[in-house]
Amino acid sequence: MAHTTLPGFRDFYPEQLAERAHVMRAWREVARRYAFMEYDGPPLEPLDLYTAKSGDEIVGQLYNFVDKGGREVALRPEMTPTLARMVGARANSLRKPTRWFSTPQLFRYERQQKGRLREHYQLNMDIVGESGVAADAELVACAIDICRELNLTSNEVVVRVSDRRVMHAYLAALGIAPDSFEAVLGVADKLARQPRAISAEKLAAAGLNVDQVERVLDIPHATIDTVEFAISAASGVGIEHVQELRNFFDYVAQLVPGGEAWLQFDLSIVRGLAYYTGIVFELFDRSGEFRAICGGGRYDNLLDAIGGTSLPALGFGMGDVVLTELLRARNLLPSMAQTVDYWLTADDDIPVLRVMSEAASLRAKGFSVEYALRRQSVSKQRKAAITAGARNIVHLTNSTATDSSV
RNA sequence: GUGGCUGUAGCUCAAUUGGUUAGAGCACCGGAUUGUGGUUCCGGGGGUUGCGGGUUCAAUUCCCGUCAGCCACCCCA
């Protein structure tokens, strides 16, 4: 083979493109129902759009190079900086809250694994300019509705929800020093994947006592009631965020039929360490065989940091790779077989011009039409029509055209 | 970037302890057959066994390197 794709990049044969289109159709359809407007930006951006926020170490993860004009550039690894710039430039004139979505192809220079390539398409949905939890609920409801649109149910998918402020309040209630929060969040993020003993060791190294270590290790099992009780039993600081979270759960349950079945309170959801400020969430398949299919949350300070405008914002990203893998595993990808509305067959003595004129008139009516592009026996033509998935075969003879449905 | 496993046709797999021109099914193309649901038969293209070295009379098989894939770290989407 002379050429192959670069590692982590994909050729989309018609079958794969049909799968991608199936997913993206669901994204757009649900986004429309939630009144989001589509936008896009350039796939290639100045490198410093990304380094400014995250520092130079992120360059190792970027597809970056110097262009012919000597500019440091990078293929976009995420959409949020672009969104921040665009929103920042028109912050004052945009109707708030602003509901925008995009389906960019994103790039990342990392070793590929299952569900993780160097390129993928990712739905990004963001709401800008609303600080109340109704916006968070709207966004999560939308993510759930996308799953429902793709015929996934709460039996297959769970939305794990946490809140940075509740987490901080809970850790404080456990008597853990704020200096240790970052280390604790890092451990909490990995509780499911990392041996308990190692987590315990790291927590002890972060300065937690034996009791605190146990409580942190149990965070995945902590319910909203136990967390609320612990916080009010301590100083009560941050208790209002627990109530907001309760409202959030109620709202989602109202927005999506059977919504509560999808939701699960789980403080161990961390979503990286950096910029989230409030509710954060991730969608997982319940079997645990795939990585997260969607993740997002509230980032009220980010637009200020990047776009120079102080606006509350929240959003999520949902990639096509894991989602498609899950749909395939659950047998939820529709049949992608090619179909043709009409396949014209003709006897030997029918001039090709007549077949073409027949095809043209059917096509003018909006049907998809195929026919033999060279002389072939009738049986050959029929065979070709059947393998092409023709819904109707029209046979042209010297007397009349016979329409036989297949 | 680190470590482990894997690598034969488009796909799924064969090839007896290393032993002649690396095979089969499916798919694809061609021909015949069948007067209707993708039948049956015949034929064809397509592999320098990922690539490059080494050991050997002889390598798909053993060794090394490299590339690629999978998995786990790292990191995150």
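Worth knowing before you read on, the calculation uses all heavy atoms, side chains too, and leaves out hydrogens, waters and symmetry mates. Within every chain, numbering begins at 1; the chains are lettered A, B, ... in the order of the sequence lines, protein sequences first and strands thereafter.
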Does [N] have a Watson-Crick or wobble mate here (both distances under 3.5 Å), and if so which one?
N	result
B/U2	B/A72
B/U20	none
B/U56	none
B/U39	none
B/C26	B/G10

Between [N] and [M], how far is it from one [atom1] atom to the other, in whole Å?
N	M	atom1	result
B/C26	B/A14	C1'	15 Å
B/G65	B/G31	C1'	49 Å
B/A77	B/G3	C1'	24 Å
B/G47	B/G54	P	25 Å
B/U48	B/A9	C1'	14 Å
B/C51	B/C67	C1'	7 Å
B/G7	B/C13	P	11 Å
B/G19	B/G23	P	14 Å

Discussion item. Walk me through whether A/Y63 and A/F9 qualify under ring-ring contact (aromatic ring centres under 6.0 Å, His included).
Written reply: CA-CA 12 Å; A/Y63 235 104; A/F9 284 77; 5.8 Å; yes
May I have the distance from [X] (atom [atom1]) to [N] (atom [atom2]), rounded to whole angstrom?
X	N	atom1	atom2	answer
A/D189	B/A77	CG	C1'	13 Å
A/E110	B/A77	CD	C1'	9 Å
A/R193	B/C73	CZ	P	7 Å
A/R10	B/G69	CZ	P	13 Å
A/W27	B/A77	CH2	C1'	11 Å
A/K114	B/C71	NZ	P	5 Å
A/N124	B/A77	CG	P	11 Å
A/K383	B/A32	NZ	C1'	9 Å

Practice prompt. Check whether any side-chain nitrogen or oxygen of A/K380 sits under 4.0 Å from OP1 or OP2 of B/U33, and answer yes or no.
Written response: no
Worksheet item: Is any side-chain N or O of A/Q113 closer than 4.0 Å to OP1 or OP2 of B/A72?
Response: yes
Ion pair present between [X] and [Y], side-chain N to carboxylate O less than 4.0 angstrom?
X	Y	result
A/R363	A/E370	no
A/D285	A/R328	no
A/D218	A/R215	no

Fill in: Residue met sooner reading RNA chain B from 5', once A/Q194 and A/R108 are mapped to nucleotides
A/Q194
Worksheet entry | Toward the 5' end of RNA chain B, by each residue's nearest nucleotide, A/G389 or A/G317 | A/G389
Worksheet item: Is a donor-acceptor pair below 3.5 Å formed from side chain A/R116 to base B/C76, judging by atom type as modelled?
Response: yes
Worksheet entry | Side-chain heavy atoms of A/V23 within contact of A/R20, under 4.5 Å | no
Worksheet entry | Close side-chain approach of A/V321 and A/F290, heavy atoms under 4.5 Å | no
Worksheet item: Are A/R99 and A/Y34 in a cation-pi contact, defined as NZ or CZ under 6.0 Å from the six-membered ring centre and within 45° of the axis?
Response: no
Worksheet item: Base, sugar-phosphate alone, or nothing: which one does A/G8 contact when heavy atoms must sit under 4.0 Å apart?
Response: sugar-phosphate
Discussion item. Base, sugar-phosphate or nothing for A/L117? Non-hydrogen atoms, less than 4.0 Å.
Written reply: base
Item to complete: For the side chain of A/Q376, starting at C-beta, report the closest nucleotide among B/C74, B/G30, B/U34.
Response: B/G30
Worksheet item: From the list B/G69, B/A72, B/U33, which nucleotide is the closest neighbour of the side chain of A/R111?
Response: B/A72
